[in-house]
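Reckoned from all heavy atoms, side chains included, excluding hydrogens, waters and symmetry mates.
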Amino acid sequence: MTADEAPGEVGAARTLLDRALLGLRRVEDPRIATRDVKAAIADALEELYRAEMRRESWQEFHGHVTNALRCVRESLGLLQETPTDDLAVHECLELCASVLPRLLDAKLPSPTDERPVPQPTGDLVAMEGEPVLVRIPRQAVRPEVPLPPLEELAPEVPKLAAVFAAGVDVDELLALAEASVGVVGGGEDDEGDDEDDDDDVIDVRVEKPEAPNDAEAALESIYGTAITSGELLRWRAEQLIIDLASLGRMRFPQRDLPWTHGDVSERRLLTRLDALYACGAEVLPHLVSLLEDRPMPDPELTWALVMVFGCIDGRDALDEIARLLEVVALDDPEVAGAVADALVLAPHPGIGGLLAPWRTHRRVERRRIATHVLGHRRELALDDAIAATTDDDRDIALHGARALMLYERPVPGSAFREVLRHRAPAVVRAGILAALAHRRQSGFNRALELCLANLPAQSDAAMFVAVAGAREDGERLLLDLARTGSEPLVLRALGWHGSIEAVGILLDKLDSELEAEVFAAAEALERITGAFLLADGPIPDPLPNEEPFKRGWSPLLMPPEPCLDRKRWSEWWARFRKPAQANVRYRGGHAWSPRDDMHMLEDEASTLDDRIYAWIELSVRTGASIPLDWHRFLSHQRILLDRWRAHVSRGRVPDGGWPVRYEG
C-alpha cells in the first residue's frame, strides 16, 4: 500500500485513510454521498502530508493534525447520515474511526524520518533526453481516486400512476395535465367551441424571459459565464495529458520500424510533461478524475498518469501511484503493459520499494509487473531473476530472462539452465539472448541444437548460430538447412554468417516460388556483397580501390528495394567474384569488422531485430558484456552506445574472421 513503511502515528493514520479512500470504490448504496466523503478523506490526507512537512514546528504540525481530525470527523458524519447495510460503508467507518485515537496521540516525527514532500528548490528546469525527477512548487499532492458511477436513485412515482390505477375519465386527465404543464384549451376564445369539436388542442404558453438590465448581464447572456484561471489551467492540463497519453504509445519500440522512430515523440513527450508541471500541482487531482469518464480501461491515459506522478519527487507522489495501481484494471493485458512501461521509465526512486512486495503477490498480473519493472530498472536481485525464469507463468519467465540479459556483472552459467529448456519459444529466445550477452556457450549450444533438430526458425536459432558461432560451427549446417528447407530466416542467417560459399544457394533461391524466400535471399546477397544492385539499369563499374571483396571498410548500404532478378545477380557475381576468398568473412563486400556491428547499432535506419543481432555479435566476438535496453528512452540507449563505441575503437579483434570469446 501507499504508506506501509511510514513510521509513527501520522504514518499509520495515512495508511488507514488510504485504505478508506480506496474502499469507497466498493460502495454500492446510491444514497451514500461518496464524493463528499472522498473529499473529506482527501482533505485529511493532505493535512497529514502538510503536518509531516512542518515537523520543525510543533505549533504548525499540531495545527495540521487538528485540521485532519476535523476532516476525519466530517467523513464519519457523512458516512453515518444514512443507515445502510452496505459492507463497504461499514469498513470505511471502521477505518476512519480507528484514525481518531492515532491523531489524538500524534507526536512529532523523528528528524531522520523520510519527508513525504521535499521542499521545492529553484525554478522548474526543462527535461532533456529522458524524464527526470522534478520538484514542483506545492504543499502536497492532493490524494485522488476515481470513483465508479453510482446508479441513480429511482424517482418518486408520480401521482399520475395513482390516478390511472383508480380509473379516470378524460376530464380528470386533462385537469391533471393542466396542473402539471400549463394552460389547457385556451380560455375565453374557446367558450363558443362546440363540445364535439375534434380539433381541440392543448395550448402551452411559455413566459418570455425578461431582458437583462445591465451590460454585464447582457454579455453573460450572449457569451456565457467567464471561466476562471483555475478552470483554464485544468482545461489546458487535460489537453496536455491526452497528448502525453498518445505520445507514450507512439514512442514504444516496434520491430519493423527504425529504432529512432520514437525520437520526435520522446521530445514532444518531455515538453508535455514540462508544460503539465508548469500548470501547478492543483491540476493533478483533476487529471486522475478523468478515469471516471472512461467506460472501458484506458491504457494510454493510465500510462500518462503513472508517468506524471512518477516524475514528481516526494512520497506523496509515490502514494498517488500506489492508489492508481489499486484502481486501474491490471487484469487487462494492455493496461498492465502500459503501467509496467511507465514504471520502468519514471525516475522516482521509490518505485522499486513500492513493487518489491509484488514479487510474491498472489495475483499473477502483479508478479508480472514487478518482475518486468524491477528487471528493466536493474533493481531485481540475481536470485529473484533466476527464480523468475523457472516460474510456471510464461510472462514472468520471459521477464526474468530479460532481467538476466541486462545484468552487467557476471552471471553464472547455471542461471540459464532452466530458461534455455523452457516450453515457450519466446522465453527460450530471451534465454539465448541473455546467455550470449554474457558470453555463455550454453546459449549458442541451445541455438545449434534447435537447428540440428530442423527447427531453425524457432527462437530465431539460425540467426544466433550465424552471429555467435565459429565458421565451422555454422557454415555447413546453415547451408544444408537452406538446401533442404524453405525458411526465410535461414537465408537471412547466411547473409549474417558472411561466407561466400552461400552465394550459389542464395542465387538459386531467387527462383523460388515463395516471395518471402526471394526477398530473404536478395537481402542476404546484399549483406555479403554490398553490391547495391538495383532492379534495372546497367550494372555500374566500381570506383578505383572500391572493388568488391578488395575494398577497405565502409558502412553497409542496403538499397531501398533489393534486386530480385536472378539474371542480374548472376551477371554481377560473374564479374566481381574473383577476389573473394572462402576463408574470409564478408559484410558489404569487405572483410567483416566490429565496426559493421557498431554502425548497425547506431544507424538511424536500423530495425530493432538487426540491432539485437549486431549487439549479440559484438558481445560474443569482441568479449564485452555491455547491455542494450531498447525499451528505454533513446538518450539512455545512446549512453550505452558510447560505451560500445569506446570498446570497439580499441581494435582488439582482427577483421575478416569468425572469432568467439566465450567464458564458459
| said: Would you say that Gln80 contacts Leu93 through its side chain, given a criterion of any heavy-atom pair below 4.5 Å between the two side chains? | reply: yes
Counting N and O atoms only, with roles assigned by atom type, does the side chain of [X] sit under 3.5 Å from a partner on the main chain of [Y], one being a donor and the other an acceptor?
X: His376; Y: His399; answer: no
X: Glu379; Y: Leu374; answer: no
X: Tyr277; Y: Val308; answer: yes
X: Lys38; Y: Val145; answer: yes

Do the charged groups of [X] and [Y] touch, with an N to O distance under 4.0 Å?
X: Arg267; Y: Asp263; value: yes
X: Arg366; Y: Glu326; value: yes
X: Asp393; Y: Arg367; value: no
X: Glu292; Y: Arg35; value: yes

| So how far is it from Ile241 CD1 to Arg272 CZ, rounded to the nearest 0.5 Å? | 11.5 Å
| task | Applying side-chain hydrogen bond (donor to acceptor under 3.5 Å, both in side chains), name anything that partners Glu266, two or more places apart in sequence or on another chain. | result | Arg251
| Residues in side-chain hydrogen bond (donor to acceptor under 3.5 Å, both in side chains) contact with Glu81, at least two apart in sequence or another chain | none
| field | Stepwise side-chain contact (heavy atoms from CB on, under 4.5 Å) check, Ile321 with Leu354 | value | CA-CA 9 Å; Ile321 293 176; Leu354 179 67; 4.0 Å; yes
| task | Kindly state whether the ring of Phe309 and the ring of His348 have centres lying under 6.0 angstrom apart. | result | no
